[in-house]
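Comments concern the structure below.
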Amino acid sequence: MAKCLTYMWVRRAVSRLHKPFLVATALLVGTSALAQQKYPGIGRAVTPAEVKAWDIDVRPDFKGLPPGSGSVAIGQQIWEAKCESCHGTFGESNEVFTPIAGGTTKQDMETGRVASLRRSDFPQRSTLMKLSQLSSLWDYINRAMPWNAPKSLTTDQVYAVTAYILNLGDIIPSDFVLSDKNIAEVQSRLPNRNGLVTFMPMWDVRGKGDVTNTACMANCAREVTLSSTMPDHARNAHGNIAEQNRLVGAVRGADTTKPPPPVMASTREVPMAAPAPSKAVTGAELARKSTCVACHVANRKLVGPSYADIAKRYAGDSSAVAKLMDKVRKGGSGVWGVIPMPPHPELTDADIKMLVEWSLQGGK
């Protein structure tokens with residue numbers, strides 16, 4: 001959750017355009033209806049119910065927040081059942097996920113700025129250290145948690161989980177009931193409520209930009225002469241970048257074992273690389289493509305078991321391939337612990353079989 005704070009700040013900035021955006025959406029619906037008259041049978045108008053289901057964001061001023069309430073006590077029960085497997089019993093987290101609580105003091109709640117954020121020697125920044133808008137925390141839990149079943153919590157459960165997190169940071173007492181009626185009051189207690197700095201040139205179209213230049217509108221160059229390039233022998237000098245990714249998060253990185261895409265001189269743009277084929281060439285490539293490496297590594301337990309442990313447990317089991325194919329397809333928990341593995345219905349049977357057979361070989 002702490003790793004997704006960047007998303008929170010982006011969502012907050014975008015939410016400032018909430019009303020104009022809804023107006024644009026309404027115009028789009030009307031345009032869609034006119035388009036259907038001219039091109040019958042193509043598409044359909046968005047229904048009010050669909051717009052309502054999609055428009056679930058909560059603004060920093062708490063507009064969009066649904067009515068409801070939840071206690072710290074109920075939040076603890078939900079946390080222990082759905083959250084602690086990834087974030088720890090008290091928000092202290094584990095070796096993969098960064099902590100939710102910690103690093104804040106009563107003095108921070110008085111000043112509205114977390115002093116530890118200015119310390120270069122502080123070991124780990126938590127979610128509550130960086131959180132400046134309580135709406136961001138509520139909104140993120142509502143739309144993205146729990147990890148294996150996002151949007152499955154009821155409104156009251158979201159209030160309860162939010163309350164429990166706030167109690168972990170001593171922001172509210174253990175007998176507190178958080179609701180849409182008192183959430184603005186709780187906002188005034190956040191340790192870092194005054195710590196948000198908005199870079200206006202990036203978010204405000206009315207502000208002055210951070211760079212100035214004159215747009216080329218005439219006699220523009222049609223050819224590009226590259227002044228310097230990386231020599232071919234240096235492109236893969238430090239190993240394949242595609243294999244050097246963080247174990248948690250989206251898997252990115254250029255395949256430096258292959259030449260870069262050509263530069264298109266006519267548009268001065270570098271075309272995007274062709275999409276990867278639906279079927280991976282090896283099990284390792286499929287594991288990266290399916291983000292299995294976010295939870296599994298070769299020789300040590302991460303979120304889930306290592307590939308070496310999987311191979312050891314199912315050694316000599318003739319039914320292992322069928323059992324594990326079903327587990328990958330449907331997901332589940334209980335064999336290796338309480339942390340659930342999400343289902344992978346997007347994978348074909350052939351891909352699942354390749355992935356399972358590679359896993360049973362120790363992920364080599």
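None of these values were measured; they are calculated from a predicted model. Sequential numbering from 1 along the given sequence is applied to the chain's residues.
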Test side chain to side chain contact (heavy atoms under 4.5 Å, CB included) on Lys82 and Val161; report intermediate values, then the result.
CA-CA 10 Å; Lys82 300 177 181 291; Val161 172; over 6 Å; no
Before you tell me yes or no, could you show the steps for Gln124 and Thr98 under side chain to side chain contact (heavy atoms under 4.5 Å, CB included), namely the whole-Å CA-CA distance, both residues' side-chain angles and the distance that decides it to 0.1 Å?
CA-CA 8 Å; Gln124 181 70 69; Thr98 52; 3.5 Å; yes
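- Pairing each heavy atom of Gly102 with each of Ser126, the nearest pair is O-OG, 2.6 Å.
- Ring pair Trp138/Phe62: centre-to-centre distance not below 6.0 Å.
- Two residues are said to be in side-chain contact when any heavy atoms from C-beta on lie closer than 4.5 Å; Arg113 and Arg193 fail this criterion.
- The salt bridge (charged side-chain N to carboxylate O under 4.0 Å, His left out) contacts involving residues 159-188 comprise Glu185-Arg189, where partners must be two or more places apart or lie in separate chains.
- By the 6.0 Å contact criterion, CD on Glu357 is enclosed, its count of non-hydrogen atoms from other residues, nucleotides or ligands being greater than 12.
- Nearest heavy atom pair, residue Thr154 against residue Gln157, reads N-OE1, 2.9 Å.
- You'll find the side chain of Arg143 reaches within 4.5 Å of the side chain of Asp57, heavy atoms only.
- From Asp156, atom CG reaches atom OG of Ser179 across 10.0 Å, with rounding to the nearest 0.5 Å.
- In this structure, Lys353 does not pair ionically with Asp349, as no charged nitrogen and carboxylate oxygen lie closer than 4.0 Å.
- Residues satisfying the side-chain hydrogen bond (donor to acceptor under 3.5 Å, both in side chains) criterion with Thr111, sequence neighbours excluded, are absent altogether.
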Mind running side chain to side chain contact (heavy atoms under 4.5 Å, CB included) on Asn142 and Thr162 for me, showing each step along the way?
CA-CA 10 Å; Asn142 182 49; Thr162 304; over 6 Å; no
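- Connection of Phe176 to Ile74 is established within a shared hydrophobic cluster, with ILVMFWY side chains joined at heavy-atom distances below 4.5 Å, either directly or through further cluster members.
- Here the side chains of Val158 and Met145 are not in contact, with every heavy-atom distance at 4.5 Å or above.
- Taking every heavy atom of both residues into account, Leu360 and Ala311 meet most closely at O-CB, 3.2 Å.
- You'll find the side chain of Asn192 stays beyond 4.5 Å of the side chain of Thr104, heavy atoms only.
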Set out, in order, the CA-CA distance, both residues' side-chain angles and the distance that settles side-chain hydrogen bond (donor to acceptor under 3.5 Å, both in side chains) for Ser136 and Asp139, then state yes or no.
CA-CA 5 Å; Ser136 295; Asp139 180 88; over 6 Å; no
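- Leu65 and Val177 end up in different hydrophobic clusters when Ile, Leu, Val, Met, Phe, Trp and Tyr side chains are linked at under 4.5 Å.
- Contact between Leu190 and Leu166 at its shortest, heavy atoms only, is CD2-CD2, 4.0 Å.
- Atoms CH2 and OG, from Trp336 and Ser306 in turn, are 7.0 Å apart once rounded to the nearest 0.5 Å.
- Taken from OG in Ser188 to CG in Leu134, the straight-line distance is 10.0 Å, to the nearest 0.5 Å.
- Taking NE2 of His296 as the reference point, atom OG of Ser359 lies at 7.5 Å (rounded to 0.5 Å).
- Considering only heavy atoms from C-beta on, Ser71 stays 4.5 Å or farther from Tyr159 through its side chain.
- Salt-bridge formation is not detected for the pair Lys289/Glu346: no Lys NZ or Arg NE/NH1/NH2 atom is positioned less than 4.0 Å from an Asp or Glu carboxylate oxygen.
- Atom CG of Asp326 and atom OG of Ser319 lie 11.5 Å apart (nearest 0.5 Å).
- At least one side-chain heavy atom of Ser152 sits less than 4.5 Å from a side-chain heavy atom of Pro146.
- In terms of hydrophobic clustering, with Ile, Leu, Val, Met, Phe, Trp and Tyr side chains grouped at heavy-atom distances under 4.5 Å, Ile165 and Trp147 are assigned to different clusters.
- Minimum interatomic distance between Ser132 and Leu196 (heavy atoms only, all atoms of both residues): OG-CB, 3.3 Å.
- Side-chain contact between Ile171 and Met109 is present, with at least one heavy-atom pair separated by less than 4.5 Å.
- Thr105 and Asp108 share a side-chain donor-acceptor pair at under 3.5 Å.
- Glu80 meets the salt bridge (Lys or Arg N to Asp or Glu O under 4.0 Å) test with no other residue; sequence neighbours excluded.
- In the hydrophobic clustering of this structure, Leu355 groups with Val335; members are Ile, Leu, Val, Met, Phe, Trp, Tyr whose side-chain heavy atoms approach within less than 4.5 Å, directly or through other members.
- Between Lys258 and Asp255, at least one side-chain N (NZ, or NE/NH1/NH2) sits under 4.0 Å from a carboxylate O, which counts as a salt bridge.
- In the hydrophobic clustering (ILVMFWY side chains linked at under 4.5 Å, chained through shared members), Val114 is joined by Leu117, Phe122, Met129.
- Of all heavy-atom pairs between Ala163 and Gly70, the closest is CB-O, 3.9 Å.
- The closest side-chain heavy-atom distance from Tyr164 to Phe90 is below 4.5 Å.
- Evaluation of the salt bridge (Lys or Arg N to Asp or Glu O under 4.0 Å) rule for Asp317 yields Lys323 as partners, not counting sequence neighbours.
- In this structure, Thr89 OG1 and Glu84 CD are separated by 4.0 Å, a value rounded to the nearest 0.5 Å.
- Here ring pair (Phe, Tyr, Trp, His ring centres under 6.0 Å) pairs that include residues 342-364, with residues two or more places apart or in two chains, are Tyr307-Trp358.
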